[in-house]
Amino acid sequence: MAAYLQWRRFVFFDKELVKEPLGNDGAAPGATPAAGSAASKFLCLPPGITVCDSGRGSLVFGDMEGQIWFLPRSLQLTGFQAYKLRVTHLYQLKQHNILASVGEDEEGINPLVKIWNLEKRDGGNPLCTRIFPAIPGTEPTVVSCLTVHENLNFMAIGFTDGSVTLNKGDITRDRHSKTQILHKGNYPVTGLAFRQAGKTTHLFVVTTENVQSYIVSGKDYPRVELDTHGCGLRCSALSDPSQDLQFIVAGDECVYLYQPDERGPCFAFEGHKLIAHWFRGYLVIVSRDRKVSPKSEFTSRDSQSSDKQILNIYDLCNKFIAYSAVFEDVVDVLAEWGSLYVLTRDGRVHALQEKDTQTKLEMLFKKNLFEMAINLAKSQHLDSDGLAQIFMQYGDHLYSKGNHDGAVQQYIRTIGKLEPSYVIRKFLDAQRIHNLTAYLQTLHRQSLANADHTTLLLNCYTKLKDSSKLEEFIKTKSESEVHFDVETAIKVLRQAGYYSHALYLAENHAHHEWYLKIQLEDIKNYQEALRYIGKLPFEQAESNMKRYGKILMHHIPEQTTQLLKGLCTDYRPSLEGRSDREAPGCRANSEEFIPIFANNPRELKAFLEHMSEVQPDSPQGIYDTLLELRLQNWAHEKDPQVKEKLHAEAISLLKSGRFCDVFDKALVLCQMHDFQDGVLYLYEQGKLFQQIMHYHMQHEQYRQVITVCERHGEQDPSLWEQALSYFARKEEDCKEYVAAVLKHIENKNLMPPLLVVQTLAHNSTATLSVIRDYLVQKLQKQSQQIAQDELQVRRYREETTRIRQEIQELKASPKIFQKTKCSICNSALELPSVHFLCGHSFHQHCFESYSESDADCPTCLPENRKVMDMIRAQEQKRDLHDQFQHQLKCSNDSFSVIADYFGRGVFNKLTLLTDPPTARLTSSLEAGLQRDLLMHSRRGT
């Protein structure tokens, strides 16, 4: 039970008398008139008002004359005659424009219920859709209360004899409605109310002595006895959803709240209750101090006419009295247009207008009632910004009073609305660091902290040396519970020396770089860092090995090399010391890790050899580095046996075929380390026969020179010429080698004899006996060639003479064609036919089908065409020769002219498809001339 004597009283309502509307001066109805104007009279209701209600934008009154009056917002009072005698009860529905009334049309106890449709008119008055007697039986009784369900399917009427009738069905029509007695009792019914909860409809029934509830949406109408305390007429009401639609019963000692199945809280509001009303979250009670039994309400209403009555407006949620005032003879309290209207017996209407929320809050702020202001703001559904402003003012007030613990609790409630720096500046003093810590903790829990806030909170923990709080803050169960910037926290903890906490955060939140940085730079636990890298996914393991590989190689080279081998071949993250075989294997580019071994050649060699063996398709850089490493070791090795082994390894690597695309690089490495066997092998692979020859010449290896010529002379004939020139320059006795060279030159006809003689003339030790055999054989061959050429010339002359004779005969004597067969189809020759002087004859149709020209014999045409092509080529060559000679004489730079003609292929040997017999001698002579010119050009250079 709540004692209202401890409740604070406020003036949250403004009271004023309702004035009559302005006249015909054009002012708006309901507006406040100017001071001293004639229209400043107060509104006065008709006398004899017996009952009141409100809804649908109007105040509704019933009087002793049977009239029903409507007072809209314009304050233009209208009415109509509803009953002949009097109106006793009214109920205006809030969701429908339907009015239910109870009154009398004749003397005696015979009340009638009328249902009015206010939207329809009948002769200017509202349409009465239904009339029926209120008393279901024949026993006379007086109607005490009336209520209608908003769905128009239920209407309940209470009587002074304790009975309650329920009309079920459409209350606006007789045909669809059914009336039955729901309740019988011994005490007058003083209040009724319907409550809808889902599909269930309850009816509260209160008498002067008890409270009950019925379920009227079912068939059996089960009843629940709620209490044995009742109330007087008009002292019950139904609250709104803010109080869970509870039924309010205002007794003289207490005000009780009821659910359909139980009694709720009660409030000790003393005084004899006259009226109870619910308005927008407030409980409005009109009472008087003089104790009178509720039963007197039905016997002597006039005795109260001169009593002073107190109207209190209670806020049950926030436990304060929002307004309190004294009135004389209150008839009823109505709620409409967002205000309360108090009707008094003198016909006046008092309006109680609620102050706006901000005004009410300012009133509470002036009295430092911040807790009450907060509760009021919440009940008024003030937005979060407004609440945050109240929390801030409350916090400032507590801070100024020295209550820092309470202040920080209020500031915490402003998180998300108030700038955190405003609060942080207040508690930066070392004496208030625990308050600042509490604020920052909440800021992080709401995920509104930035990196600076995280830094500040962790510094607070470290200054307080509160390891338990620190661990509780960082050791969250899941990623979703992290309310701070992890990287910032790691930095702060590392700076403060809390390495284990920083490592915990880094490991649990996958900040691999920070974990390794702390392990390697601060703790210097290289083994643990390497183990951690081995657990990472492939991408992270690869990047971190590139970043920290040199440090790890310097301190733990063997383990680091082992990890790199796995990373570059078939990497799988290790789980608790074993590899995850179910995960797909990955491999990194081994060439990118070579710089890690800069100061560890032994581990580098092991790594490179492992990669070349396990992964033959390793990048080229692996083989290049391995070759360089082997050559370096070979060059610095002193032990002959080991040196021989290294030599074999290097040669084996060169012969592996991995250096075809990087031939130049491998050659440079071999030359840098004076690895001659490798150089010669690469020369041979690159077909650099000239370089091989030059190498053996430099080292005066005569036998190897001859060997090179024998092996590669077919591919490069100039090797023999170079060998002859080399031996010719030697002052030593090289007859054996010169003879071998000359023999090959002679067999292949590589040089003209004159050039051979001139080449050997430079050697003072070479005598004529060295080349005698060569010259003799050469002269004999030339003599044979001359004889053959002379014979060929003689044949050509004889052939020419014969052809001329034939031409002369053709010109001087007739030609007899004696061919009997066609030269094409080989069939008997028939007219028409075609004959040629060459002796071939054709059918005309065969000739036309196969001939390319009317003037040429199809059979002789191919041979004639070859001869003509040869003649044409000779003529062109003759012209080129004349032009070449002219340019050579006129040019200042003869060598450039010769080079230009070489580039255009002038001196290339002419090749025909088939050399005619008459062209053999000429072709042989031309080839000899070209060879002689080439030799002279070489000798001149």
Side-chain angles (χ1 to χ4, degrees), residues 44-56 58-72 76-94 96-148 152 154-161 163-167 170-174 177 179 188-192 233-234 297-298 301-302 331-332 334 336 343 345 347 349:
C44 187
L45 297 178
I49 297 297
T50 57
V51 63
C52 310
D53 203 357
S54 63
R56 306 298 293 180
S58 297
L59 305 181
V60 186
F61 312 104
D63 61 12
M64 295 294 294
E65 303 296 330
Q67 284 191 326
I68 295 178
W69 301 90
F70 296 94
L71 183 67
Q76 299 290 341
L77 191 65
T78 59
F80 70 96
Q81 191 71 36
Y83 293 91
K84 294 179 181 180
L85 293 183
R86 67 183 63 86
V87 181
T88 60
H89 296 84
L90 291 174
Y91 191 92
Q92 172 67 56
L93 275 78
K94 305 301 185 288
H96 302 276
N97 219 358
I98 300 295
L99 175 67
S101 63
V102 179
E104 298 177 2
D105 280 341
E106 57 185 12
E107 294 291 342
I109 303 176
N110 188 22
L112 294 177
V113 178
K114 294 184 179 183
I115 307 298
W116 307 91
N117 188 337
L118 303 181
E119 292 180 349
K120 297 181 180 181
R121 294 289 169 176
D122 182 14
N125 296 330
L127 177 64
C128 182
T129 62
R130 184 183 178 191
I131 302 175
F132 62 93
I135 302 174
T138 57
E139 296 182 2
T141 183
V142 177
V143 176
S144 60
C145 53
L146 168 71
T147 186
V148 181
L152 300 178
F154 298 100
M155 181 171 65
I157 303 174
F159 298 92
T160 56
D161 64 355
S163 62
V164 176
T165 62
L166 177 66
N167 286 270
D170 189 353
I171 65 170
T172 62
R173 300 180 183 181
D174 290 324
S177 179
T179 302
V189 178
T190 57
L192 298 170
L233 284 173
R234 300 185 299 169
E297 293 282 340
F298 299 96
R301 295 179 60 91
D302 295 338
V331 175
D332 208 341
L334 303 176
E336 193 65 28
L343 281 65
R345 189 68 61 186
V349 179

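Checking Y83 against S101 by side-chain atom types alone, a donor-acceptor pair falls below 3.5 Å. Between the side chains of N167 and T179, at least one donor N or O sits under 3.5 Å from an acceptor N or O.
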Evaluate I135 against N110 for side-chain contact (heavy atoms from CB on, under 4.5 Å), listing each step before the verdict. CA-CA 7 Å; I135 302 174; N110 188 22; 5.6 Å; no
Applying side-chain contact (heavy atoms from CB on, under 4.5 Å), run through R234 and D332 and close with a yes or a no. CA-CA 9 Å; R234 300 185 299 169; D332 208 341; 3.8 Å; yes
In sequence, state the C-alpha distance, the side-chain angles, and the governing distance for W69 and T78, and then conclude on side chain to side chain donor-acceptor pair (under 3.5 Å). CA-CA 6 Å; W69 301 90; T78 59; over 6 Å; no
Starting from the C-alpha separation in whole Å, work towards a yes-or-no answer on side-chain contact (heavy atoms from CB on, under 4.5 Å) for R56 and Q92. CA-CA 8 Å; R56 306 298 293 180; Q92 172 67 56; 3.2 Å; yes
Does the pair V164 and F159 meet the rule for a side-chain contact (heavy atoms from CB on, under 4.5 Å), with working shown? CA-CA 6 Å; V164 176; F159 298 92; over 6 Å; no
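P188 places none of its side-chain heavy atoms less than 4.5 Å from the side chain of S144. You'll find the side chain of V87 stays beyond 4.5 Å of the side chain of M64, heavy atoms only. When side chains are defined from C-beta on, V60 counts as touching I68, because their heavy atoms get closer than 4.5 Å. Looking at L152 and L93, their side chains come closer than 4.5 Å, going by heavy atoms from C-beta outward. With a 4.5 Å cut-off on side-chain heavy atoms, T172 and N117 do not count as touching.
Checked by atom type and distance alone, the side chain of K114 pairs as donor or acceptor with a backbone atom of A82 at under 3.5 Å. The main-chain N or O of E65 is found under 3.5 Å from a side-chain atom of Q81 such that the two form a donor-acceptor pair. K120 contributes no side-chain N or O that, together with a main-chain N or O of L118, makes up a donor-acceptor pair within less than 3.5 Å. A distance-only check finds no donor-acceptor pair linking the side chain of E104 to the backbone of P111 [under 3.5 Å].
Contact detail for G62 and L90: the closest heavy-atom pair is N-CD1, 3.6 Å. Nearest heavy-atom pair across Y91 and L99 is O-CD1, 3.5 Å. For the pair A100 and V148, the tightest heavy-atom approach, listed with the atom from each and the gap, is CB-CG2, 4.0 Å. The two residues S54 and L59 have their closest heavy-atom pair at CB-CD2, 3.7 Å. Across every non-hydrogen atom of R121 and P126, the tightest pair is NH1-CD, 3.3 Å. Across every non-hydrogen atom of C145 and V189, the tightest pair is SG-CG1, 3.6 Å.
The CZ atom of F154 lies 6.5 Å from the CG atom of L166; values are rounded to the nearest 0.5 Å. For the atom pair R130 CZ and R173 CZ, the distance stands at 11.5 Å (nearest 0.5 Å). Taking CG of L45 as the start and CG of D63 as the end, the distance is 10.5 Å to the nearest 0.5 Å. The line from CD of E107 to CG of L85 is 5.0 Å long, rounded to the nearest 0.5 Å. For the atom pair I131 CD1 and I115 CD1, the distance stands at 10.0 Å (nearest 0.5 Å). Residue T50 holds its OG1 atom at 9.0 Å from NE2 of H89, rounded to the nearest 0.5 Å.
By the 4.0 Å N-to-carboxylate-O rule, D105 lies too far from R86 to be salt-bridged with it.
The aromatic rings of F80 and F70 lie parallel to each other, with less than 30° between the two planes, well short of the 60° mark.
In this structure, F132 has no ring pair (Phe, Tyr, Trp, His ring centres under 6.0 Å) partners at least two apart in sequence or on a different chain.
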